[in-house]
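For the numbers below, each heavy atom of this structure counts, side chains included, while hydrogens, waters and symmetry mates do not. So you know, we letter chains A, B, ... as the sequences are listed, proteins then strands, and number each from 1.
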Number of protein chains: 2
Amino acid sequence: MTSRSDLKEASLRRILTAGASRLRAEGLSGAAIAPVMQDAGLTHGAFYAHFNNKDELAAAAFRFALLDNRPRWMGQARKESWPGRLLRLGKRYLAMAHRDDLADSCALAALASDAARSNPGFKKVYEEELRKSLRAICNSPDEGRPIDPARLDDAIAFMALCVGGISLARAVDDPVFSEQILTVCRQAIQRMATPDNESTSNVEVPDHGKG
Amino acid sequence: MTSRSDLKEASLRRILTAGASRLRAEGLSGAAIAPVMQDAGLTHGAFYAHFNNKDELAAAAFRFALLDNRPRWMGQARKESWPGRLLRLGKRYLAMAHRDDLADSCALAALASDAARSNPGFKKVYEEELRKSLRAICNSPDEGRPIDPARLDDAIAFMALCVGGISLARAVDDPVFSEQILTVCRQAIQRMATPDNESTSNVEVPDHGKG
DNA sequence: GTTCTCGTATGATGTTGATCATGCGAAAGC
DNA sequence: GCTTTCGCATGATCAACATCATACGAGAAC
């Protein structure tokens, strides 16, 4: 029934899925071959039928993680203003659900520090995926055309705030403090997205009260 | 001349210095005991006279990195507006010099993703140091009193943008793109810091031209 | 100056992990 | 149906690494 090439393809998919999860949960150096293969229902020996070395897995799994997640995040094309788009994406990104689901989270944030320490090969992959995500944020699916520069700048600042915000929120131990970080960053995106005194629906109101 | 306790203290200082560098350059799991001890001019066996295990070194070296860097960054107390302070700090943080000097950089950024994956013990340490840095940004040296809440929120968003920005700038391979990330984030801090249409000196002008 | 203390060095141990050589068994080709 | 192919499993090898037991040797205490 299932030809060997189909089998291999399915195995590769399982390896990539497992690798993408472990990569985000345990980092570049943490995601070891044997556990990934075990997650995929295979033994460590089979690994080298699919990749030449661990670095290749890291690059492929990183790509896979974003290939898998990006469409889910961007959703269908819809009518929305540019600030409204950033607000909507930021609200979902800087959320507790995303913060707590590290293994299925945005790989750009989960591996930011790791990529900063990595070899140029992995940085190249990281850069490509970041560019694709920025393009997706800007809603410019046409890869041939350049992105509108003003929007690209907005998207870069947006991504930096998102990556930094969720990283800090994950790195602290106190859940109250962690939520505060997420909330403040969402509000910062609002201020960043709405150029001036425009009133926006669903505006989060800063609350400095004690209760 | 040098008593044994003086010797041990000096050794500990060298271990912490080396550990703090390697921690930032190679991450939580990358900074191994033997290389750190070698950097400190000792052999691996001496390690356990100073720490019970590797986790203790990580926590102590992380603290040391920030204890060492924070005063250098904040500088002397000076007269400056709150937006002016954020602008000044952001300009220095989101700079190529800081981006390229990973081993002596801000540990909060260098280890953000690592801390996100770490055990609660390290997260607690990370959180304490983050709180101290936020307090320092807010220029409230009195540890007893709470920080002005509005300033704290500003400082949190500021830190998130700084951490995310420099992490992204380090993670990409193309130096032009990397500089663009830094520039855009500095501009975002300007917009974030100046509430409305206030004119500020030394404003960076966005440049979307091709030349 | 003899003994004790303790900071450090040497060396061992057990573990983890990357990589590869080899072999099995089922599908593919004839 | 026989042979070949090849995806996968088993097992070995080698290196890195955390941890600990033991020993040395110089300062400290008397």
Side-chain angles (χ1 to χ4, degrees), chain A residues 1-62 111 114 117-119 121-122 125, chain B residues 1-62 111 114 117-119 121-122 125:
Chain A
M1 283 299 106
T2 57
S3 75
R4 269 173 306 171
S5 68
D6 286 350
L7 188 102
K8 186 169 185 182
E9 200 182 336
S11 292
L12 177 61
R13 185 162 211 86
R14 290 201 312 278
I15 295 171
L16 287 174
T17 304
S21 289
R22 284 204 177 255
L23 198 61
R24 283 170 283 186
E26 300 169 25
L28 263 184
S29 55
I33 291 176
V36 168
M37 295 302 284
Q38 211 160 24
D39 289 353
L42 300 171
T43 59
H44 63 279
F47 175 81
Y48 292 90
H50 296 273
F51 300 97
N52 285 318
N53 52 53
K54 199 191 168 192
D55 284 355
E56 277 190 11
L57 169 65
F62 182 75
L111 295 173
D114 299 78
R117 292 188 284 266
S118 69
N119 56 346
F122 190 83
V125 174
Chain B
M1 281 297 108
T2 56
S3 74
R4 268 173 306 170
S5 69
D6 286 351
L7 186 99
K8 187 170 184 181
E9 199 182 340
S11 292
L12 178 60
R13 185 164 211 83
R14 290 202 311 279
I15 295 171
L16 286 175
T17 304
S21 288
R22 284 202 176 256
L23 198 62
R24 283 170 284 186
E26 299 170 24
L28 264 184
S29 57
I33 291 176
V36 167
M37 295 302 284
Q38 211 161 24
D39 289 353
L42 301 171
T43 60
H44 63 279
F47 175 79
Y48 292 89
H50 297 273
F51 300 97
N52 285 319
N53 52 52
K54 199 192 168 192
D55 284 356
E56 277 190 12
L57 169 65
F62 182 76
L111 295 173
D114 298 80
R117 292 187 284 264
S118 69
N119 56 347
F122 191 82
V125 175

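- Distances shown here put a side-chain N or O of Y48(B) below 4.0 Å from the OP1 or OP2 atom of dT19(D).
- Taking atom CD of Q38(B) as the reference point, atom P of dT10(C) lies 11 Å away to the nearest angstrom.
- Not one side-chain nitrogen or oxygen of S11(A) sits closer than 4.0 Å to the OP1 or OP2 atom of dG7(D).
- Comparing dA12(D), dA9(C), dT19(D) by their nearest atom to the side chain of T43(B) picks out dA9(C).
- One can place CG of L28(A) at 15 Å from C1' of dA18(C), the figure rounded to the nearest angstrom.
- Summarising the geometry, the separation between CG on L12(B) and P on dC6(C) is reported as 17 Å, rounded to the nearest angstrom.
- When the nucleotides dG7(D), dA9(C), dT10(D) are ranked by their closest atom to the side chain of A46(B), dA9(C) comes out on top.
- Regarding N53(B), its CG atom lies at a distance of 14 Å from the C1' atom of dC17(D), rounded to whole Å.
- Considering only the side chain of L42(B), dA9(C) comes nearest among dC20(C), dT19(D), dA9(C).
- Closest of all the heavy-atom pairs between L111(B) and L28(B) is CD2-N, 4.0 Å.
- One interatomic measurement links the two molecules: NZ of K54(A) to P of dA15(D), which rounds to 18 Å at whole-angstrom precision.
- Of the possible polar contacts, none joining the D55(B) side chain to the A58(B) backbone as a donor-acceptor pair under 3.5 Å is found.
- As judged by a 4.0 angstrom heavy-atom cut-off over every strand, A49(A) is placed among residues making no nucleic acid contact.
- Checked against dT10(C), dC17(D), dG17(C), the side chain of A32(B) finds its nearest nucleotide in dC17(D).
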Passes side chain to side chain contact (heavy atoms under 4.5 Å, CB included), M37(B) versus I15(B)? Steps please. CA-CA 6 Å; M37(B) 295 302 284; I15(B) 295 171; 3.8 Å; yes
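- Atom CE of M37(A) is separated from atom C1' of dT16(C) by 17 Å (rounded to the nearest Å).
- The distance between atom CZ of F47(A) and atom C1' of dG17(C), rounded to the nearest whole Å, is 12 Å.
- Comparing dC20(C), dA18(C), dA18(D) by their closest approach to the side chain of I33(A) singles out dA18(C).
- In plain terms, the two heavy atoms of S11(B) and L42(B) that are nearest each other are CB-CD1, 3.9 Å.
- Nearest nucleotide to the K8(A) side chain, out of dG7(C), dG7(D), dT19(C): dG7(D).
- The separation between H44(A) atom NE2 and dG17(C) atom C1' is 10 Å, rounded to whole Å.
- With hydrogens and angles ignored, the 3.5 Å screen pairs no side-chain donor or acceptor of D39(B) with any backbone N or O of A18(B).
- Side-chain N/O atoms of H50(A) include one lying less than 4.0 angstrom from OP1 or OP2 on dC8(D).
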